[in-house]
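Everything below concerns the one structure shown next.
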Amino acid sequence: MFRTSSVLESLPSSGIRQIFDLAVQMERAGRPIVRFDIGRPDFETPTVVVESAKQALDQGFTKYVSNRGIPELLRAIADKLDRENGADYDPDSEILVTTGASEGVAAAIFAVLERGAELLLPGPLWPHYACCARMVGATPVEIPLRVEDGFAITRELLERYVTPRTRMVVLNNPCNPTGVVYPNETLKEVLAFARERGIFVLADEMYEPFAFDSKPTSFAALPGAKEVTLLVHGFSKAYGMTGWRLGYVAGPARLVGLVNKAHQYLTVCATSFAQKGAATAYTAPAAAEFVARVVADFKDRRDALLDEMTGVTELQYARPAGAFYFFPRLPASVPSGEEFALRLLRESGVAVVPGGVFGAAYRRFVRLSYGATPPAVLREGLRKIVNQLREERLAA
Ligand code: PLP
């Protein structure tokens, strides 16, 4: 009998796909769609970065490189973490360049978890963590956070879900899908919990530059955090480099050595010439100016969103202070975010992601990404959502 992996069979294929495919199909048929479903920014990679990768190609920089990453990129990452985040990492032993932050997350999880171990997920969260944990037979444990509390993580909540099998907790700051940026007190509480319980922290700071009210503290910069932290970051979101597939993991040398083992067997090394481009992204002043412009532009979008939400009572949400996501709860009259998302797309031409994708407790939520919607389109899309909700209530 031909058999396949029951673990892989049981993993959901991307829950975002159904809406995405339908939105594309409707667009092809000529219908304009407001695309709140796309989790990537709508700008191109800065020219200076593209040119540096092109030059690397022209110079034949096309062979395998070191598993850990090319020295100039490792150095550029160490300098960036030191300069911008106050986190101190040795480029030779404490940083690993990965094929996107996605591979970094997978390799970090493979390094720490195994059959019988548990991963704490104070959610809603990006589904990747839970699926990677399940791939090694570990158990993802969702900790439901409440919109009424601004999706706050507390020590008390963490203590309620920890068991002797817990090995790691995920902290995604700023958060996909809520857009929440955690205050320093939360980081300190998570750190105290992790140290006292002997648990690692997977600090995913992928959206770090996208913080509109105040700069988030990097978890790794807290005193005493480094030895328990695997920091994940990358180039996809801030530099419009989603297709380059470059990210990184930073942590204590022994742990990064283990993450590197998983990385060796997954992808060997990240793409050589792309790494040259990423080194330029972290060192060229033009690239830094580019990010500053993008973040200012995204803040305008976020402000337009909050303005448009003024007086709207149908949606309940935590203040979107970072990333480029908004995660409102639908009114009690709308029990399923999934069915609402389909009706909204078909009837009003607005694509959103059903909240259930980010955790079982969020079926009545939807996620909006404003990564691909300039302010005018964003306002129009939000109005259509509110109108759809009001019409459905009248019709009920
Ligand atoms: N971390 C979070 C929270 C994300 O939302 C994503 C992508 O959506 C990633 C990491 C991975 O990004 P990439 O693999 O493109 O570097």
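Every number for a ligand or one of its atoms is a count from 1 in the order of the listing.
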Any residue meeting ring pair (Phe, Tyr, Trp, His ring centres under 6.0 Å) with Y317, in chain and number order, not counting sequence neighbours: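 So Y317 forms a ring pair (Phe, Tyr, Trp, His ring centres under 6.0 Å) with F326.
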[X] vs [Y] aromatic rings, parallel, tilted or perpendicular, using cut-offs 30° and 60°?
| X | Y | answer |
| --- | --- | --- |
| Y129 | W126 | perpendicular |
| F210 | F324 | perpendicular |
| F212 | Y370 | tilted |

Distance to 0.1 Å, residue and atom name: give those for the protein heavy atom nearest to [atom].
| atom | value |
| --- | --- |
| atom 11 (C) of ligand 1 | S102 OG, 3.4 Å |
| atom 2 (C) of ligand 1 | D204 OD2, 3.4 Å |
| atom 6 (C) of ligand 1 | W126 CZ2, 3.5 Å |
| atom 16 (O) of ligand 1 | A101 N, 2.7 Å |
| atom 7 (C) of ligand 1 | K237 NZ, 3.2 Å |
| atom 12 (O) of ligand 1 | M206 CE, 3.6 Å |

Quick one: CG on N176 to NZ on K237, what's the gap to the nearest 0.5 Å?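 NZ of K237 is found 7.0 Å from CG of N176.
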Check whether the side chains of E208 and N85 place a donor and an acceptor atom closer than 3.5 Å, and report yes or no.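 Yes, because at least one side-chain N or O of E208 sits under 3.5 Å from a partner of the opposite role on N85.
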May I ask you to check if ligand 1 and V105 share an N or O to N or O distance below 3.5 Å?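 In this structure, V105 places no N or O atom under 3.5 Å from an N or O of ligand 1.
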May I ask you to check if ligand 1 and Y129 share an N or O to N or O distance below 3.5 Å?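 No: no nitrogen or oxygen of Y129 is under 3.5 Å from one in ligand 1.
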I'd like to check which ligand 1 atoms, numbered from 1 as shown, lie under 4.0 Å from a non-hydrogen atom of [X].
| X | result |
| --- | --- |
| Y207 | 2 (C), 3 (C), 4 (C), 5 (O), 8 (O) |
| N172 | 3 (C) |
| R245 | 13 (P), 14 (O), 15 (O) |
| S236 | 13 (P), 15 (O), 16 (O) |
| G100 | 14 (O), 16 (O) |

Any non-hydrogen atom of G234 lying under 4.0 Å from ligand 1?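 The answer is no: ligand 1 sits nowhere under 4.0 Å from a heavy atom of G234.
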Would T242 count as a contact of ligand 1 if the rule is a heavy atom under 4.0 Å away?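 Not so, T242 does not reach ligand 1.
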Within 45 degrees of the axis of the six-membered ring of F193 and under 6.0 Å from its centre: does R197 put its NZ or CZ there?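 Here R197 fails the 6.0 Å and 45° test against F193.
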Taking the six-membered ring of Y89 (Phe, Tyr or Trp), confirm whether the NZ or CZ of K226 is under 6.0 Å from its centre and within 45° of its axis.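 Yes, K226 and Y89 form such a contact.
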Within a 6.0 Å radius of atom CZ on R83, are there more than 12 heavy atoms belonging to other residues, nucleotides or ligands?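 For R83, atom CZ is crowded (more than 12 foreign heavy atoms under 6.0 Å).
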Carboxylate-amine/guanidinium proximity below 4.0 Å for E156 and R160: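 Judged by the 4.0 Å cut-off on N to carboxylate O distance, E156 and R160 do form a salt bridge.
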